[in-house]
Amino acid sequence: MCGIIGYVGKNPAVLVLLEGLERLEYRGYDSAGVALVENGHIFVEKKVGKIRELIRSLWGKPLKATIGIGHTRWATHGEPCEINAHPHTDMSGEIAVVHNGIIENYRELKEKLQAKGIEFKSQTDTEVIAHLISLYYEGDLLEAVMKTVPQLRGSYAFCVMTSREPHRIVGVRYGNPLVVGIGEDENFLASDIPAILPFTRHIIPLSDGEIVDLRIDSVDIYDTEGNRIVKDVISVPWDIISAEKGGFKHFMLKEIFEQPKAVGDTIKGYISRDYLLPFDLKSFRRILILACGTSYHAGLLGSYWMGKYLQIPVEVMYASEFRYADVPISDKDLVIAISQSGETADTRYSALSAKERGATVISLVNVMGSALDRESDYTLYTHAGPEIGVAATKTFTSQLAVLYGLAVSHSPKKDQLMERLSALPHLMEEVLGEAELIKKLALKYANKKNMLYLGRYLSYPIALEGALKLKEISYIHAEGYPAGEMKHGPIALIDESMPVMVIAPKDRVYEKVLSNIEEILTRRGTVIGLGFKEDKTLIGMSKDFIGMPEIFEDLSPFLSIIPLQLFAYYIADHLGLDVDQPRNLAKTVTVE
Ligand code: AGP
């Protein structure tokens with residue numbers, strides 16, 4: 001998923017664009033580029049690879065332009081190379097476009113345009129936008145965009161400018177995120193808030209089908225019919241510091257260490273609203289949780305707690321599977337859509353389709369003003385602050401805090417249980433205090449090619465999440481599995497070379513997990529035990545052991561996930577990998 005940015009103001013646009021692109025880089029890092037209106041013409045510079053390549057090639061160039069657009073790419077159509085990098089221009093070179101998303105009918109449009117004699121330079125879907133706007137351009141960029149948009153099918157956000165009107169940028173949102181940033185004598189457009197946080201905290205999130213005409217002293221928003229829309233400006237509670245590394249080597253490490261505060265702030269935010277859901281959770285026939293990736297793992301854990309305390313059926317589905325499966329849905333169902341970004345296409349469109357079929361939709365998001373926030377019936381927020389590392393960490397534990405609060409919201413022991421939850425940050429700090437020990441252990445396993453993660457009951461979703469963290473940042477193949485399922489197949493994988501991380505807090509399934517460990521040891525497997533500090537039995541059965549403080553059964557996941565995040569982090573860092581921007585990944589997945 002690409003990152004796009006636009007600036008019109010009084011300062012050198014290239015500086016604003018490059019700073020913004022660096023903050024958008026976690027959205028895609030195959031290539032980057034900018035376009036500026038320089039001396040009455042469009043100036044384009046684009047480079048393959050990271051933003052630093054673009055900065056290097058722009059270094060020393062006397063660029064005075066105060067209007068420009070920029071792009072960082074996650075390639076979908078056309079391999080990562082300079083010709084396919086954005087911005088893309090029309091044949092005159094005087095109209096430039098940056099785009100995030102997919103134009104699904106680009107082949108058909110391309111053929112029509114080629115039949116009119118238009119020559120294409122790239123293999124991208126995006127280039128059709130530049131040529132279409134050029135085709136309709138008669139001196140008014142907004143008008144040309146209004147005529148172009150109805151031709152496009154797919155999900156997209158794009159910004160366009162022309163040297164013929166060097167004072168405006170037109171932006172369009174349809175499916176992919178685009179926010180307006182309001183400044184003094186300057187205004188901004190960007191795919192997300194952290195990109196413009198250094199310049200303003202006053203934003204207007206655009207909704208699907210909205211078109212913005214951005215100038216130095218005005219921001220006009222229209223629907224696709226050309227009707228003016230008046231929108232509220234919201235002030236985001238994040239500050240620039242929260243989007244910096246704060247002295248840590250990587251954002252991911254910083255965000256792992258921010259978890260006690262993120263969970264603490266989220267619990268406070270939740271308790272302060274005093275569980276004020278505008279409906280009774282127990283009035284629904286079923287709760288269906290929809291999510292992807294790490295958010296799915298949080299949902300799976302939430303379903304265990306909700307099953308325990310709410311005593312109503314709770315199902316969890318991968319949103320991408322729910323989307324095209326014939327799952328019966330009605331107004332007796334409550335859907336909880338979990339997404340830190342609030343923009344993941346699979347989760348968004350699944351929630352929308354459930355809503356269209358009558359379900360009530362709660363969204364649980366970390367980004368205020370995101371699509372899911374605006375499109376759901378009710379929103380619960382995590383208060384984790386911006387998460388820049390592609391691998392989700394602090395948003396995961398913050399999601400767990402809200403899901404646990406929801407689960408116990410009807411329990412007669414609610415206050416006692418929430419009190420226990422509020423004591424968590426202190427125990428999480430204690431686990432973080434073991435980071436150096438976990439680092440040593442991680443380096444021992446850094447050269448392994450495979451790894452198994454096992455857990456039962458509440459530790460099963462943690463096994464899944466631990467394996468995902470290792471996969472996505474160290475590129476080591478890892479599988480999370482219910483420990484009880486091992487003997488039904490995966491046990492065939494066990495030999496001396498296969499390390500097995502076993503999450504075994506002393507809970508209702510502890511004895512069962514010990515038996516599963518016996519099965520592994522019988523096949524000479526290597527066990528890394530993760531359990532309560534003083535657990536002599538588990539220590540005795542493990543080749544290596546990670547200890548965590550004793551804690552109430554329900555809450556062990558908040559502690560056991562931290563060593564697994566650190567384990568994956570230290571292995572990836574040791575292997576010299578790009579921890580914050582792992583290959584082939586992007587922070588927000590806005591295409592299906
Ligand atoms: C997790 O580390 C990954 N970044 C990814 O699996 C992520 O959880 C998934 O894409 C869902 O993102 P969301 O929470 O923003 O919807």
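Order of listing sets the numbers, starting from 1, for every ligand and every atom in it.
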inquiry  = So does T395 get a backbone contact from the side chain of E387, meaning a donor-acceptor N/O pair under 3.5 Å?
reply    = yes

message = Does the residue T347 have a heavy-atom contact with ligand 1, meaning some pair of atoms that are separated by less than 4.0 Å?
response =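 Distance cut 4.0 Å: T347 fails for ligand 1.
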
Polar atom proximity, [X] to ligand 1 (N or O, under 3.5 Å):
X: A586; result: no
X: S339; result: yes
X: G293; result: no

task = Using the side-chain hydrogen bond (donor to acceptor under 3.5 Å, both in side chains) rule, pick out the option among R374, E375, R173 that qualifies with S207.
result =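 Only one option passes, and that is R374.
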
ask   = Of the options K394, Q259, E465, K469, which is the one that meets Q565 in a side-chain hydrogen bond (donor to acceptor under 3.5 Å, both in side chains)?
value = Q259

Which heavy atom of the protein is the closest neighbour of [atom], given with residue, atom name and distance?
atom: atom 11 (C) of ligand 1; result: C292 O, 3.4 Å
atom: atom 10 (O) of ligand 1; result: V589 CG2, 3.9 Å
atom: atom 7 (C) of ligand 1; result: T294 N, 4.1 Å
atom: atom 15 (O) of ligand 1; result: S341 OG, 2.7 Å
atom: atom 14 (O) of ligand 1; result: S295 OG, 2.6 Å

query = Going by an N to O cut-off under 4.0 Å, is there a salt bridge joining E244 and R23?
reply =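 Result for this pair is yes, salt bridge flagged.
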
key: Cationic N near anionic O, under 4.0 Å, D333 to R286   =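 A salt bridge is present here (some side-chain N lies under 4.0 Å from a carboxylate O).
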
ask   = Where on K469 is there a heavy atom closer than 4.0 Å to ligand 1, on the side chain, on the backbone, on both, or on neither?
value =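 The side chain, only.
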
inquiry  = Tell me whether K471 at atom NZ has more than 12 heavy atoms from other residues, nucleotides or ligands lying less than 6.0 Å away.
reply    =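 Enclosed.
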
message = Walk me through whether W305 and L458 qualify under side chain to side chain contact (heavy atoms under 4.5 Å, CB included).
response = CA-CA 9 Å; W305 289 322; L458 301 177; 3.9 Å; yes

